[in-house]
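First listed ligand is number 1; within each ligand, the first listed atom is number 1.
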Amino acid sequence: MKLWEGRFTQPSAKNADDFNQSLSFDYKLYWHDILASIAHAKMLGETQIIPKDEADKICDALVNMLADIEKGNLAIEGAEDIHTFVEAELTKRVGAVGKKLHTARSRNDQVATDLRLYTKDSIVNVCGHLKALINTLLDIANNNVQFIMPGYTHLQKAQPVSVAQYINAYSEMFLRDIERFTDSYKRTDVMPLGSGALAGTDFPIDRRMTANLLSFSEISQNSIDAVSDRDFVAEYIFCCSMVMAHLSRFCEDLVLFASDEFRFIDIADTYATGSSIMPQKKNPDIPELIRGKSGRVYGHLVGILTVLKGLPLSYDKDLQEDKEALFGAEDTVLSCLSIFTDLLQNISFDTKRMRAAAAGGFTTATDVADYLVQKGMPFRDAHAVTGQIVRYCIENNKTLDRLDLFVYQSFSSLFDEEILQRVRVNKSVEARKVIGGSARSAVRENIRSITRRLNRMFKEE
Ligand code: ARG
């Protein structure tokens, strides 16, 4: 039986039904659809749009239905979408009364409401995963404040940094991700129910009551916009895309650092893979896969933006395409966050190798230039003098910390004993005490600040 059979003289074709249906993926909304229906029915009863006892009957049946689905006693099948499924099952259970549930409601405001409820929960869930990841990063950072690694720009050794400072950089990214999701939550937390098909409803419904029952903070203010707005879906997928970008960059670092050329890290056997042909191989498949899966999520983002572009107001069936994009992005981001958090706990750092690598590549050359500046030389001149010293080192196979003082002095009379200390990597790292810098005190402060901001973000919820 079709919802619209009154108007039609012929049944729809089987393949048209198959093409039109969304139950195969929007079954995921069952919880939120039933919850929204319970709130709607309650409100219909309270406002006496339908008799109170009938509303109660509907609510009881919906609660039981939810329990049956949860217990696996009710299979979600045999309908066009989750909304028609719930209504048909309800009518099966309570008879004609069930047909009153859809009073003062359209599937257009219903689906938008369900999806917003779903997205709100999903945001909380993803943020929980991000929090667990940051806590893992904080543990790693706490254990590595004193260790030194080379920092890179252009993937060329640039300056020595603290391992914890490097780890904290990723915590900062994931903190911003939580902030971004939290901000998008505000715009998601708006209830469209009561907008009807597009023009509103002529029943004296109480939208605030329904919104309160469903814990929506706001009520949509324009029914045409409310049924057609999927900005929150695009925003959600963008937030997921940003998480994937951050994960992917981190994974790229890990893949690089696990290579024989770097050997900064070792991934435990439990999270690594071997080769079918080369017995010596230990491959970083997990970070590679996460890096690869960022592509899917970006695909969903482009997908939803393309669906939205050019849609005439208000609801169009194109909007049904919003769900697979959202669910797809959600599945990918959740699975990547959780495996990545486990992976991180199974990585060991070769701090000796990192320290040795940090000493190579003239990473303290900036310290030499800064030293000359502090002795009164203009920075540009200091840069040029230091460049000459580096060239001397390259030509004579020396490093900055193995040069005799008289060699330094042959380039500038401003050099004294102190320079021999300044060019050591640990001195270089310690010298950068500025907020956000590499010195241990600054890195510890960064850890405290990340912890503070993380706690604040979750307290405000
Ligand atoms: N399955 C539909 C969707 O996901 C539900 C809304 C249907 N509305 C309609 N006017 N056909 O968008």
Engineer: Heavy-atom cut-off of under 4.0 Å around ligand 1: list whichever protein residues fall inside it, by chain and number.
Structural biologist: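 Near ligand 1, by chain and number: Ser22, Asp81, His83, Arg107, Asn108, Val111, Tyr315, Gln320, Lys323.
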Engineer: Using the test side chain to side chain contact (heavy atoms under 4.5 Å, CB included), find all partners of Arg296 that sit at least two apart in sequence or belong to another chain.
Structural biologist: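 In terms of side chain to side chain contact (heavy atoms under 4.5 Å, CB included), with neighbours along the sequence ignored, Arg296 is linked to Lys293, Thr332.
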Engineer: Report the residues that fulfil salt bridge (charged side-chain N to carboxylate O under 4.0 Å, His left out) with Glu87, sequence neighbours left out, ordered by chain and then residue number.
Structural biologist: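 Salt bridge (charged side-chain N to carboxylate O under 4.0 Å, His left out) check on Glu87 returns nothing, list empty.
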Engineer: Over 60° means perpendicular and under 30° means parallel, so classify the ring planes of Phe174 and His246, tilted if in between.
Structural biologist: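 Correct class here is perpendicular.
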Engineer: Given Ser37, which partner from the list His83, Gln110, His32 fulfils the side-chain contact (heavy atoms from CB on, under 4.5 Å) test?
Structural biologist: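 Among His83, Gln110, His32, the one meeting side-chain contact (heavy atoms from CB on, under 4.5 Å) with Ser37 is Gln110.
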Engineer: Which class fits the ring pair Phe250 and Tyr166: parallel under 30°, tilted 30 to 60°, perpendicular over 60°?
Structural biologist: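 Phe250 vs Tyr166 ring planes: perpendicular.
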Engineer: Would you mind listing every side-chain hydrogen bond (donor to acceptor under 3.5 Å, both in side chains) that reaches into residues 42-56, with sequence neighbours excluded?
Structural biologist: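 Non-adjacent pairs meeting side-chain hydrogen bond (donor to acceptor under 3.5 Å, both in side chains): Glu54-Lys100.
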